[in-house]
There are 2 protein chains.
Amino acid sequence: MNIKDIAKISGVGISTVSRVLNNSGVVSDTTRAKVLAVVKQYNYVPNSNARNLKKTQSNMIALMVKGISNPFFGNMMKEVERQVHLRGYPLMIQHVEDGVDEIAAAMQLIKEKNLCGIIFMGGTYDHSEEEFRQLGVPFVLTTITTLKDVDPSVYSSVSIDDVQSAYRATNYLISLGHRNICFLARFPFKENTIGSRRLLGYKKALEEHGIEYDPALVEDCEYAPSSGFAAAKRLMNKNLGITAMFSASDAIAIGTAKAVLSSGLSIPGDISIVGFDGIEMAEYYHPSLDTISQPGVEMAHVSIEILFDLIGGETANRHVVFESMLVKRGSSRKIN
Amino acid sequence: MNIKDIAKISGVGISTVSRVLNNSGVVSDTTRAKVLAVVKQYNYVPNSNARNLKKTQSNMIALMVKGISNPFFGNMMKEVERQVHLRGYPLMIQHVEDGVDEIAAAMQLIKEKNLCGIIFMGGTYDHSEEEFRQLGVPFVLTTITTLKDVDPSVYSSVSIDDVQSAYRATNYLISLGHRNICFLARFPFKENTIGSRRLLGYKKALEEHGIEYDPALVEDCEYAPSSGFAAAKRLMNKNLGITAMFSASDAIAIGTAKAVLSSGLSIPGDISIVGFDGIEMAEYYHPSLDTISQPGVEMAHVSIEILFDLIGGETANRHVVFESMLVKRGSSRKIN
DNA sequence: TTACTTAATCGAATCGTTTCGATACACATC
DNA sequence: GATGTGTATCGAAACGATTCGATTAAGTAA
């Protein structure tokens, strides 16, 4: 079943069928109805390969996501999917494996499939301005604030202020009297990661309060409970007198909480816990975990709005920074 | 940059370039090297729209997933992605929104994009044999055991035995002396859901031990902590003397655990908790939650193997049923 | 009547591949 | 020299859509 068959059966020309299907050009109401009836009867769906080939640009949007099993991204992905489909565009979710360069992967996809837009979710970006320029299609970076040595006019972004957010969390713990606060995050070799940016905020808060930064209090760990658990155990074994643990994700924080509780210590009696993200699982942990909450769904929503503005011809890139929120649920307490 | 340009620059014919790129037909070593050099120099990537159009079949695999934010599926998705890319095929992850018919959505995609294979993950399937037949491309259903009124030779599946697994969990609780065991799962209107199948196992265990089935002990709830929390609260307010809660997912179980603990009751002192899936977050809950663990990654792996066998020409559909495992971590206890 | 406008429709050309039948050349065989 | 057999290559014809210039019919103005 192709457009030719539909044209023949409906008794009209090929281009008329095309115009009916695309709502382009003029078609009389009777002809339109006739064609649509045949389309419906035969359950005809236009071949998108042919369509995209001719148009030299498809209407496919790609979502490149690093860390697809992260529940925080899960909710964002759902919203992206919903918004894109609402606009009648197909979405391709592409998982970028750890260690794979997301920009290079995107470049390949663009050439192969004539993408019309890309959302980058998670991942690390230490690429040159030239590399971003070469993409050649509208794109939005979510969950990353600023890129080093890249002119902001070259890309759009939707994020929270990671430095400021980590600063606020650390400040909060300090204000409760904590001095020995450890920090857990993922630090790959690349520079521009959320982990490294949150570390900056952590350091800034310490510095402002005259607390010396101790690298022994910082642990590298994956964004997963098991990894957080192991890292917290390592930290506790160092006997540094830690009274608070701040993690760069709730998944890590859950692991640290387990490490504390399973050692016979109490939260927040012995150790205070603060996470990051605002996932449901942390709220329903016992005790409920304090966290820096990100408005993930709204961020996804705005990312799509920006992307479609760009696709629609808007030339100015935009940068939206959302407010994160310190959510106090009782896993931190004031100490002497 | 298209194949014509590459041909011209390399000084060979169009079809020769095509043969080099597809490793089909004979090409002399010198010509091959010449062409590949040009391809590399210009960073040429063949247009997949044109390729798929000509071949009337693409090599795209689609993963249709319902419940994309479920961390259990997250890990399975990662494995599917890994395996598909390992074989050099592109993967398209398609989130199916709640209430959308996954088979109809797949049908659309097949016509549109000439898919060469589909993995269905999650979702409910009460479709007719005819509907599955009409798909016309190889496909594998994961996480569903058997389809009502559909000949098993029509589809492939990879799953655990949901009835048996729920039976085992319920049996375990009964063996610990529990009589008032509640069950929480999602029961949409469709019949063939994992929730309804697990309910069968739950009922079977009760029956075998002469415990009367009480519908008041069964609550409908989403696969999320918040929903499990609310459902558990509702159950507790009924004052039915519940001593154990069995949930059809760990996400729900985490919600029920929170409901118990935040009421001032203890786990497993007052109420025993058993979940389902085996996600990390449940292991790192405090206390660690007992669960029926599914080998998600292996299931994903085998699904892909079956799919590629079918794509490779294998005509016989297969049904693989994995063993689930009752994991005891201490959130259940023996009562009088 | 003629000229001009407008609305509705048509089909050829095109997008960038793959593939198949044809071709060209070298070398062996008779 | 005629014929046959590989080997390496070529280009035209699809695949199924969109689009643009051409065409037809009907209506309107002069």
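Lettering follows sequence order; numbering is per chain, from 1. Computation of the quantities below employed the complete heavy-atom set of this structure, encompassing side-chain atoms and omitting hydrogens, waters and symmetry-equivalent molecules.
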If I take atom NZ in residue A:Lys8 and atom C1' in nucleotide D:dG16, what distance separates them, rounded to the nearest angstrom?
14 Å
So what does B:Asn22 hit on the nucleic acid, given a heavy-atom distance under 4.0 Å: a base, only sugar-phosphate, or nothing?
sugar-phosphate
OP1 or OP2 of D:dG16 under 4.0 Å from side-chain N/O of A:Asn47:
no
Residues in residues 105-113 of chain A with a heavy atom under 4.0 Å of DNA chain C, by number, are none
side-chain N/O A:Tyr44 vs D:dA17 OP1/OP2, d < 4.0 Å
yes
What is the separation between atom CG on B:Leu53 and atom C1' on D:dC15, rounded to the nearest whole Å?
4 Å
Residues forming a side-chain hydrogen bond (donor to acceptor under 3.5 Å, both in side chains) with A:Thr315, sequence neighbours excluded:
none
Given protein heavy atoms under 4.0 Å, the one-letter contact record of nucleotides 6-12 of chain D, with B base, S sugar-phosphate only and - none, is simply --SBBB-
Partners passing side-chain contact (heavy atoms from CB on, under 4.5 Å) against A:Tyr42 (at least two apart in sequence or in another chain)
A:Met1, A:Ile9, A:Val38
Short side-chain donor-acceptor distance under 3.5 Å, B:Asn47 and A:Asn114
yes
Hey, does A:Met77 have a side-chain heavy atom less than 4.5 Å from the side chain of A:Ile68?
yes
May I have the distance from B:Lys55 (atom NZ) to D:dA17 (atom P), rounded to whole angstrom?
19 Å
Rounded to the nearest Å, what distance is computed from the CG atom of residue A:Leu21 to the P atom of nucleotide D:dT19?
12 Å
Taken to the nearest whole Å, CG/B:Asn114 to P/D:dG16 is 9 Å
At how many degrees, to 10°, do the end axes of the helix from C:dT1-D:dA30 to C:dC30-D:dG1 meet when each uses five pairs?
70°
Tell me whether B:Glu130 is salt-bridged to B:Arg133, with the criterion being a basic N under 4.0 Å from an acidic carboxylate O.
no
Which word best sums up how the rings of A:Phe120 and A:Tyr125 line up, parallel for under 30°, tilted for 30 to 60°, or perpendicular for over 60°?
perpendicular
Not counting sequence neighbours, which residues clear side-chain hydrogen bond (donor to acceptor under 3.5 Å, both in side chains) with A:Ser15? List them please.
none
Taking the ring of A:Tyr89 and the ring of A:Phe308, is the distance between their centroids below 6.0 Å?
yes
Base, sugar-phosphate or nothing for B:Ser18? Non-hydrogen atoms, less than 4.0 Å.
base
If you walk 5' to 3' along DNA chain C, what is the first nucleotide with an atom under 4.0 Å of a heavy atom in chain A, and what is the last?
C:dA8 to C:dG16
Looking at B:Glu79 and B:Arg82, does any basic side-chain N land under 4.0 Å from a carboxylate oxygen?
yes
For B:Thr16, give me all partners under side-chain hydrogen bond (donor to acceptor under 3.5 Å, both in side chains), at least two apart in sequence or on another chain.
none
Results of side-chain hydrogen bond (donor to acceptor under 3.5 Å, both in side chains) for A:Lys148 - residues two or more places apart only
A:Glu191
Only counting residues at least two apart or in another chain, list the ones meeting salt bridge (charged side-chain N to carboxylate O under 4.0 Å, His left out) with B:Arg186.
B:Asp220, B:Glu222
Sequence neighbours excluded, the answer for side-chain contact (heavy atoms from CB on, under 4.5 Å) partners of A:Ile306 is A:Val140, A:Ser156, A:Val158, A:Val302, A:Leu310, A:Arg318, A:Val320
Applying salt bridge (charged side-chain N to carboxylate O under 4.0 Å, His left out), which residue pairs with at least one partner in residues 51-67 of chain B are found, sequence neighbours left out?
B:Lys66-B:Glu102
Whole-Å distance between D:dC15 C1' and A:Asp5 CG?
13 Å
